[in-house]
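Heads up, the thing below is written out as structure tokens.
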Amino acid sequence: MRVTPLGLHCEPGGFFIDPIRPVDRAVVSHGHADHARPGHGAVLATAETLAIMRARMGEGAAGRQQQALAPGQVVTQNGVRVWLRPAGHVLGSAQICVEWRGSRIVVSGDYKRRFDPTCAGFEVEPAPDVFVTEATFALPVFRHPPAEAEIARLLRSVALFPGRTHVIGAYALGKAQRVIALLRAAGWERPIYLHGALLPLCRLYESFGVPLGELRPATVADKAQLVGAIVLAPPSAIADRWARRLQDPVVCLASGWMQVRQRARARGVELPLVISDHADWDELNRTVDEVGAPEVWVTHGRDDALVHAMAQRGLRGRALHLVGLGEEDEGGEADPAGGTGGTAGEPAGSGAASGTAIGAASGAASGTGEGTA
Amino acid sequence: MSLPRFAALLDSLIFTPGRNAKLALLRQWFAETPDPERGVGLAALTGELAFSAAKPMLIRDLVATRVDPVLLALSHDYVGDFAETVALIWPPRAGVNAPAPDLADVVEALELTPRAELPALIAGWLDALDATGRYALIKLVTGGLRVGASGRLARLALAEWAGRDVAEIDEVWHGIRPPYLPLFRWLEGRGERPDPGGAPVFRPLMLAHPLEDADIAALDPAQWRAEWKWDGIRVQLSAAAGGRRLWSRGGEDVSGAFPEIVEAMEFHGVLDGELLVIRDGAVAPFADLQQRLNRKAVTPKLMRDFPVGVRLYDLLFDGAEDLRALPFDERRARLEAWLARVAPARMDLSPQIAFAGFQQLAAIREGARAASIEGLMLKRADSPYVAGRVKGLWWKWKREPLSVDAVLMYAQRGHGKRSSYYSDYTFGVWQPDGEGGEALVPIGKAYSGYTDQELAWLDRWIRNHTTSRFGPVREVEKALVLEVIFDAAQRSSRHKSGVALRFPRIARIRTDKPASEADRLETVMAFIEHHPAEGTGTAPRGS
């Protein structure tokens with residue numbers, strides 16, 4: 001397994017994992033745009049992820065040849081065995097497990113450990129030789145509170161300000177559906193109004209058996225109906241021109257970054273909701289311990305803190321500088337300007353380790369050997 | 001469970017930009033919180049509680065015993081605010097199952113606990129709280145509670161919640177102490193109104209309406225008295241057996257910032273006047289007074305460099321005698337006699353201006369260009385001193401504003417209802433760039449004056465002419481001229497341009513004027529003199 005400018009490359013298998021540019025053969029962990037890019041030749045992913053890719057990119061761009069793989073099924077390519085395990089991040093999200101000549105590497109993609117009724121929960125693939133983990137919230141200041149408590153705060157605010165509209169910024173894939181499901185579980189049975197960009201993926205979730213209750217487009221609703229209502233919109237729309245149609249809105253944003261006050265204030269958020277689809281600090285550390293790999297590669301996020309914390313416990317970790325990840329969903333929030341460049345903890349286009357093989361899945365003592373896994 | 005409830009209120013107030021929403025949150029607190037917590041919380045929000053026992057260093061030492069230093073440094077680096085970093089990073093302790101402390105218990109313990117026992121006490125509280133609670137606790141014990149809820153706003157919320165006039169609450173407010181049990185008893189109809197007794201309480205101020213040209217015709221000159229409108233800060237001097245206080249316009253205690261005034265208050269009574277920096281009898285510009293504002297304590301050097309005095313214009317109480325029902329003329333006579341009799345240091349009389357008609361008065365108003373004068377005050381001869389802004393009794397008649405044509409440089413999103421609009425504008429004027437050309441230097445920021453239509457137009461223009469973005473701020477093409485009006489220009493060492501404008505606002509969008517013809521810095525600097533060079537200062541560049 002090699003790190004290349006395109007992403008993780010499995011040389012013997014001839015495929016890339018979550019490549020950032022079109023390749024012949026891609027294995028895709030989940031449907032967020034920084035992991036699932038258009039224009040690949042063959043794409044291997046869960047059926048849900050493939051459906052999400054088709055819905056977002058159109059039939060033509062979501063891979064010329066699509067192969068759905070259910071969790072637990074194994075495909076073999078040039079002697080390399082590949083299978084998927086649920087990652088608990090969004091609908092269809094999976095960890096990618098790769099085995100060649102008896103050594104095994106697990107690429108987590110993005111994951112969380114909390115219960116989420118809209119997707120299958122994270123499963124530990126025990127004791128691989130290398131575990132590649134995300135690190136979006138890898139600082140000990142990130143301990144996500146229970147999402148149910150955040151929804152309770154939202155509903156208290158709705159009760160306190162009955163003449164205002166609560167507009168919640170939520171990413172179109174995953175966060176929006178989870179917030180809706182949490183609201184339903186908390187007893188909110190009234191229609192939930194949606195920005196046009198959120199509707200297609202909500203319908204797709206429903207087609208996979210995730211009930212979301214009555215959803216209505218916010219754009220055609222009678223303005224008076226939105227008074228006292230809950231409206232969901234992409235984060236870019238909540239404090240922009242789109243939101244002007246709403247009655248004295250209470251601007252809310254559902255994101256793990258909302259834990260930090262300055263982040264919330266910079267976004268003009270009145271009610272920050274700390275709801276994340278990523279593992280928090282404790283969950284990242286617990287996951288690393290539970291997986292029990294002798295070597296852990298840390299990618300997109302705050303690798304420095306996690307690598308340090310693992311070293312304190314005698315675990316070998318290394319920072320893996322993958323370019324282009326963390327640009328959709330919460331990873332992109334790290335850029336306060338909300339721009340498109342730059343990733344969570346790395347300068348845009350940084351490729352310190354790009355093109356260099358930094359480790360071998362054979363469990364070699366160090367990562368200095370050329371990619372011979 | 002009261003500390004977590006208080007922490008939730010604090011958090012909501014921090015994030016809520018709208019005044020009405022803040023009032024709603026406070027009303028809810030008063031309605032739903034039991035005594036004594038609601039009063040202690042009120043005192044904490046309005047800055048009535050001050051603890052000196054726990055310094056930030058104590059928190060630093062505590063967290064160092066619980067958290068790896070590298071992780072703490074990385075986290076502090078990321079979060080920025082140290083109290084927030086500690087609140088978030090404080091590790092949960094296995095086996096700790098203590099209930100969260102009560103706010104009132106925390107306050108009491110902070111006052112009674114010996115210093116040596118404080119660290120263990122605070123650590124125990126931090127263990128029993130969640131991140132929001134820890135943040136509130138740390139801000140509370142280190143005295144860093146700033147939530148954008150002034151005492152004024154809190155009293156207004158009390159008034160709204162209880163269905164009372166805020167002036168009624170203002171009058172008793174400073175005679176009562178946390179947790180304000182008699183106040184809540186009275187507001188809930190369970191007791192008498194608290195009697196301030198000999199306390200130097202704040203008496204709600206009488207305020208003036210702006211005078212429009214259309215109003216003047218209806219006025220009979222014989223019934224009106226004129227004074228200068230000074231560009232200082234309005235203060236109330238209140239001295240009684242129970243002490244001395246200097247109150248700001250909104251009823252905040254500013255005694256600590258102006259000890260020399262308090263020292264000079266060797267009398268019993270309540271007076272209304274303007275606090276000014278006065279050197280050798282001449283009033284200094286407002287910028288000088290600003291050096292003395294928002295300070296809890298002052299240094300001898302500040303007091304020497306920026307000497308303050310009060311120009312008095314009304315007498316509300318002479319000793320314990322309430323004069324507020326008397327007509328203005330009678331109060332004025334009492335004030336003049338009182339000053340002659342008591343002759344306090346650092347205080348003088350705001351003179352009355354004789355005039356025969358309003359035309360003459362208008363000429364006097366326009367002639368007075370001193371930076372220390374904003375215009376005129378008109379007071380009806382028979383007006384009693386009544387709280388608030390009662391129309392037809394007092395008028396403020398500001399002189400025409402100064403004006404400059406400036407170039408829009410940066411725009412920032414507003415707050416609350418304006419959060420989707422670029423509504424805060426930084427503007428600049430031309431100055432030599434040292435290389436034979438001209439460059440823009442920012443001279444101020446304005447976020448009012450425009451109509452809704454103009455705001456929408458500006459918002460669109462800004463979005464279409466953005467050259468770069470810095471978070472909520474956009475830099476724009478230097479191509480749009482705004483006519484900015486302001487009350488005065490003052491020399492300022494804190495601004496790159498060397499000038500600060502008083503109350504700048506947007507008067508017009510000058511799409512007819514190319515940016516190169518906007519004003520130059522020297523035109524703006526000319527306004528700093530007591531008399532402006534000429535007219536409205538829209539001289540074209542290079543003329």
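Throughout, protein chains are lettered first and strands after them, A, B, ... in sequence-line order, and every chain is numbered starting at 1.
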* To do: Tell me, with the steps shown, if A/Arg263 and B/Val79 meet side-chain contact (heavy atoms from CB on, under 4.5 Å).
  => CA-CA 9 Å; A/Arg263 281 295 179 83; B/Val79 175; over 6 Å; no

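- Of the charged side-chain nitrogens involved, at least one lies within less than 4.0 Å of a carboxylate oxygen, so that A/Arg244 and B/Asp459 count as a salt-bridged pair.
- B/Ala21 touches chain A through backbone and side chain together, each having a heavy atom under 4.5 Å away.
- Here the OG-CH2 distance, from B/Ser75 to A/Trp281, works out to 7.5 Å after rounding to the nearest 0.5 Å.
- Between the OG atom in B/Ser12 and the CG atom in A/Leu160 there is a gap of 8.5 Å [rounded to 0.5 Å].
- Using a 4.5 Å heavy-atom threshold, the side chains of A/Val251 and B/Phe15 count as separate.
- Counting only heavy atoms from C-beta outward, the side chains of A/Arg164 and B/Asn20 never approach each other to under 4.5 Å.
- For B/Asp11, the part sitting under 4.5 Å from any heavy atom of chain A is the side chain, from C-beta outward, and nothing else.
- Contact annotation for A/Pro272: only side-chain heavy atoms (C-beta onward) come within less than 4.5 Å of a heavy atom of chain B.
- With no hydrogens or angles considered, a side-chain donor-acceptor pair links A/Gln312 and B/Asp68 at under 3.5 Å.
- The candidate with the highest count of non-hydrogen atom pairs below 4.5 Å against chain B, out of A/Ala309, A/Ala243, A/Ala305, is A/Ala305.
- In this structure, chain A has no heavy atom under 4.5 Å from any part of B/Arg27.
- At a 4.5 Å heavy-atom cutoff, the contact between A/Val269 and chain B is made by backbone atoms alone.
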* Might you work through the side-chain contact (heavy atoms from CB on, under 4.5 Å) test for B/Tyr421 and A/Arg241, ending with a clear yes or no? => CA-CA 8 Å; B/Tyr421 289 95; A/Arg241 283 173 283 189; over 6 Å; no

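- Residues B/Thr132 and A/Arg153 have side chains not in contact (no heavy-atom distance under 4.5 Å, counting atoms from C-beta outward).
- Side chain of B/Glu84 to main chain of A/Arg261: a donor-acceptor pair is present (N/O by atom type, distance under 3.5 Å, no hydrogens or angles).
- Between B/Leu71 and A/His308 the shortest side-chain heavy-atom distance falls below 4.5 Å.
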